[in-house]
Structures are given as structure tokens and as C-alpha cells.
Number of protein chains: 2
Amino acid sequence: MNAATDTRSRIIAAAKPRFHSRSYANVGIQEICESAGVQKGSFYHFFPSKRDLVMAVIDEFADEWAHGFVAEAFDPALPPMERIDYLVDAAYFWQKSIKQVHGRMLGCIFGNLTLEVSTQDDILRAKLLAIFSRAKSRFKETLEEAVAAGTIAPLDADLTAEAMLAYLEGVILLAKSQNDPEVIYRLGPAIKTLRVEKAA
Amino acid sequence: MNAATDTRSRIIAAAKPRFHSRSYANVGIQEICESAGVQKGSFYHFFPSKRDLVMAVIDEFADEWAHGFVAEAFDPALPPMERIDYLVDAAYFWQKSIKQVHGRMLGCIFGNLTLEVSTQDDILRAKLLAIFSRAKSRFKETLEEAVAAGTIAPLDADLTAEAMLAYLEGVILLAKSQNDPEVIYRLGPAIKTLRVEKAA
DNA sequence: CTTGCATTTTACCGAACGGTCAACTAGCAT
DNA sequence: ATGCTAGTTGACCGTTCGGTAAAATGCAAG
């Protein structure tokens, strides 16, 4: 059972950086197995399909973020709008450190996968959508708190939260196109200027 | 020569919707050739590699946009900020009509390709970056004109233009994750709230 | 000691991948 | 008519793709 868990997590550990740095279609099961020191038959003992593997990888990334930067950024002790700054900063420093190690900016794996597979696989699309929904909720709660505290003028928190998430993904996309995390540094702070007014 | 041009453009015509609706890696030369009624050897007479094909596809999409919606939107006769509205509307209607025909929101092919290939192919990345650069310039000129006309308060036109482009791409990404062009309709107009102030 | 189950190994499947090659055809200029 | 060239054909290259099946192994409970 311990060895079993180990095999499974070794597979995921081998898959994670590959899906992040390349693409879903460009990473093969065989390569992952070789890197994890696992036979292909063993792989299919733990994962019914490649899709199931990438779902597990998505979950791991999501957990990593949720317990790492996201938990730090959305610290209730921080003033609400500073949490958003913190999150953007975290995205910047993370991408920057990835580039230092890897030589390239890899961007957001959720965004990457969304654009690659969401027209071809509704199950994966739903999985990624759920990730985005949770992220949006975090923004929304923060905005509501900021409005309640009088830090910002009242607005449509739901739509503004979605707009901010969109902006963050878009900034990371442009940064990736330039292979330059500084784009996040330059453009990121403008996220707080985004506003969707409450409908009348 | 006419037949030659025809073969080449039939290949591109077959490739365009496939790269747009799926992904670079998921579309094979063979499938494109079958759809275009062309032998594989003939394909490689016109395109040295798959990459060269996708570059031609990118050019066609770029031209299509430049002479279509973009030309309409950035009409100097329109008040500057209305041009931005027009462009967002155009993106919305385009995606909506694609969904009506195809059943799915396909998003922006430049964004799609950027996230898929830009860590793996610097030549493609450069090509896509050039597309984004031109788009950014359009935004920038428009913003400068709006500032000059007194429509909006002075700002950093260069960075704000980049921020707007990022936002547009991000909105299309989120819309694709929901397979719903209405996301563009709801979030799009907030693009005009984005501002990067001039550095002191 | 045996049964049963989870795990692992190995060999294999048909299909598709991007790309190559030599032979052939057709049209045009000399 | 001949030669050159752009275009076309169809067979072929080795490799990889995601996935399967059966046999072997290890291990724990009865």
C-alpha cells in the first residue's frame, strides 16, 4: 500500500512539470513512465487514462496553490485590497523563479490546459472551470469585504471578480508570449482599476 | 501557377478551422491533406514543415481580422473610446456565431497557440508576439487619441494598451472555459476601466 | 500452506505521427 | 522536339501514440 501510493505519486510528480512546461498532447505516457521508473502496465493500473492523470495533476497544482500563495494572499489579517496585490505579486515571483530555473516562463497551467483541451474534452473543461470558479469566489469575497469596509466604492462584486481573474490570466498569457515575467510586474497592479458597476 | 496557388490555399483553408477548433498538436498533416484533397508529398512541396503551415494559418487569420473587424473598429471616424467598444463587441459576435455553427466557443487562435507552443518553439512564439504587438499598437494609438481629445484623463498609453489586450485575451479564455460567449458580453465593457497611470 | 488480491512486468496492439523519396506528369520556353 | 521546372503521386521511413492482456510477483489474511 505504501509502495502503491509511492508509485502513483511518482507518476504524478513526473507528469506535473512536463504538462506545465509543454502541453497535454505533447507529453506522452511513455515518457512519464520512463521518468518515474514505472512500467506502462503499472501506469494503467493506477490511471484509467491519460485524462485521469492530468486531472490528478490539476488537483495537485490546485492544492499546492491553495495551501501556498493563495492561503498567504487571502489572509483575513490583510486589508482586503492588499490581498489582491499579494496574489499578483505571488504570480510574478513564482513565474520569475520558474524562469530562472527552467529558462522559460511557463504560465498558468490551468489557463494553458483550458485553451488547449476545452474544445475537445468537456470533462477536463468542467474540471478547469471548477478551479476558476473557486478562484473567482476568492476575489469576490475579498471585494465584498473591501466594499463593506469602505475601502472601495460599491460595485458588482461577482462580475468584477470574474474580470480580475480574466485580467490575471490575460496578463500571464501576454507574459508567456514574451517569455518575460516582468510583464506581470508591470501590468499586474492595474488589476485594481478594473470595475464592473452594479446593474441598475 | 494557378493550380499551385490553389493547392496551397486549399491546404491552408483546410488547416485553419482545425487549428482553431482543436490544437496545434492534435491536428495532423495527414488529416489536413485528406480534407484538402492533396497528397502528403504535395503538402511538403509547399510547406517545409508543419510549423510553416501554422505560420501561414496565423498570417491568414491576422489578415482576416485586420481587414475585417479590426478595420471597422479602428475607424478614425469613430470617437476613440467607441472603437474599443466596437472591437470587444466584434469579438463577442464572432465567438457567438462560431458557437452557433460549431457548437463550441473556440476562442482566439493567437491566444490558444501562444499558450500551447510558446515554451516549445521560439519561432512560433515570435510570430505570435508580433501579432500581439500590432494589436497593442492599435490600442495605444486609440488611447493617445482619446487623451488628446480630452475624452479620458492622461495615462500611460503604452501600458494601458497592453493591459487592455491582456484583459481581452483573458476574457476570451474564461469564456472558452465556460463554452459561453456571453462571458465576453458581460465582462468586455469593463475593459475601459483599466488604467495604468503615467510614471512620475 | 493456501487462497486471494494488489501490484508489477513484459510483450504487444493498431493507428497515427511528421517527414522523405523517387518516379511521374504537365506546361512552357527555347 | 527537347529540356527544364513546378507540381503531383503514392509508397515508404522510423518513431511514437494511447491503451491492452496475460503472466508473474509480493504480501497479507484465513
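Below, read A as the first sequence line, B as the second, and so on, with proteins coming before strands; counting in each chain starts at 1.
Following rounding to the nearest Å, A:Phe46 (CZ) and D:dG19 (P) show an atom-to-atom distance of 17 Å. Following rounding to the nearest Å, B:Gln39 (CD) and D:dG10 (P) show an atom-to-atom distance of 5 Å. Rounded to a whole Å, the NE2 atom of A:His45 is 4 Å from the P atom of C:dT7. Here D:dT9 presents its P atom at 14 Å from CD of B:Glu34, a figure rounded to the nearest Å. Spacing between atom CZ of B:Arg8 and atom P of D:dT8 amounts to 13 Å, rounded to whole angstrom units.
At a threshold of 4.5 Å between non-hydrogen side-chain atoms, the residues B:Arg8 and B:Phe47 count as touching.
Annotation: salt bridge (Lys or Arg N to Asp or Glu O under 4.0 Å) contacts involving residues 22-48 of chain A, sequence neighbours excluded, comprise A:Arg18-A:Glu31, A:Arg22-A:Glu31.
For B:Asp122, the salt bridge (charged side-chain N to carboxylate O under 4.0 Å, His left out) partners are A:Arg104, B:Arg125, not counting sequence neighbours. Applying the side-chain contact (heavy atoms from CB on, under 4.5 Å) rule to B:Ala190 yields the partners A:Leu194, A:Val196, B:Tyr167, B:Thr193; only residues at least two apart in sequence or on another chain are considered.
The aromatic rings of A:Phe74 and A:Phe139 lie perpendicular to each other, with more than 60° between the two planes, well past the 30° mark. Aromatic ring orientation, A:Tyr92 versus A:Tyr185: tilted (interplanar angle from 30° to 60°).
For the contact set between residues 15-27 of chain A and DNA chain D, defined by any heavy atom under 4.0 Å, the members are A:Val27.
Across all strands, B:Glu31 comes closer than 4.0 Å to no nucleic acid atom at all (heavy-atom distances).
Between B:Asp158 and B:Lys136 a salt bridge is recorded (basic side-chain N to carboxylate O distance below 4.0 Å). A salt bridge links A:Asp59 to A:Lys127: at least one charged side-chain nitrogen sits closer than 4.0 Å to a carboxylate oxygen.
No donor-acceptor contact under 3.5 angstrom links the side chains of B:Glu116 and A:Tyr24, judged on distance only.
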(request) Could you encode protein contacts along nucleotides 19-25 of chain C as a string, one character per nucleotide from 5' to 3', using B for base contact, S for sugar-phosphate-only contact and - for no contact, with a heavy-atom cut-off of under 4.0 Å? (result) BBB----
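Under the 3.5 Å distance criterion, the side-chain polar atoms of B:Arg195 are matched with a main-chain donor or acceptor of B:Ala153.
Over its length, the helix from C:dC1-D:dG30 to C:dT30-D:dA1 turns its helix axis by 10°, as judged from the five terminal pairs at each end, rounded to 10°.
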(message) Working note: A:Lys140 + A:Glu162, criterion side chain to side chain contact (heavy atoms under 4.5 Å, CB included); need CA distance, chi angles, decisive distance, verdict.
(response) CA-CA 8 Å; A:Lys140 185 181 176 184; A:Glu162 202 170 1; over 6 Å; no
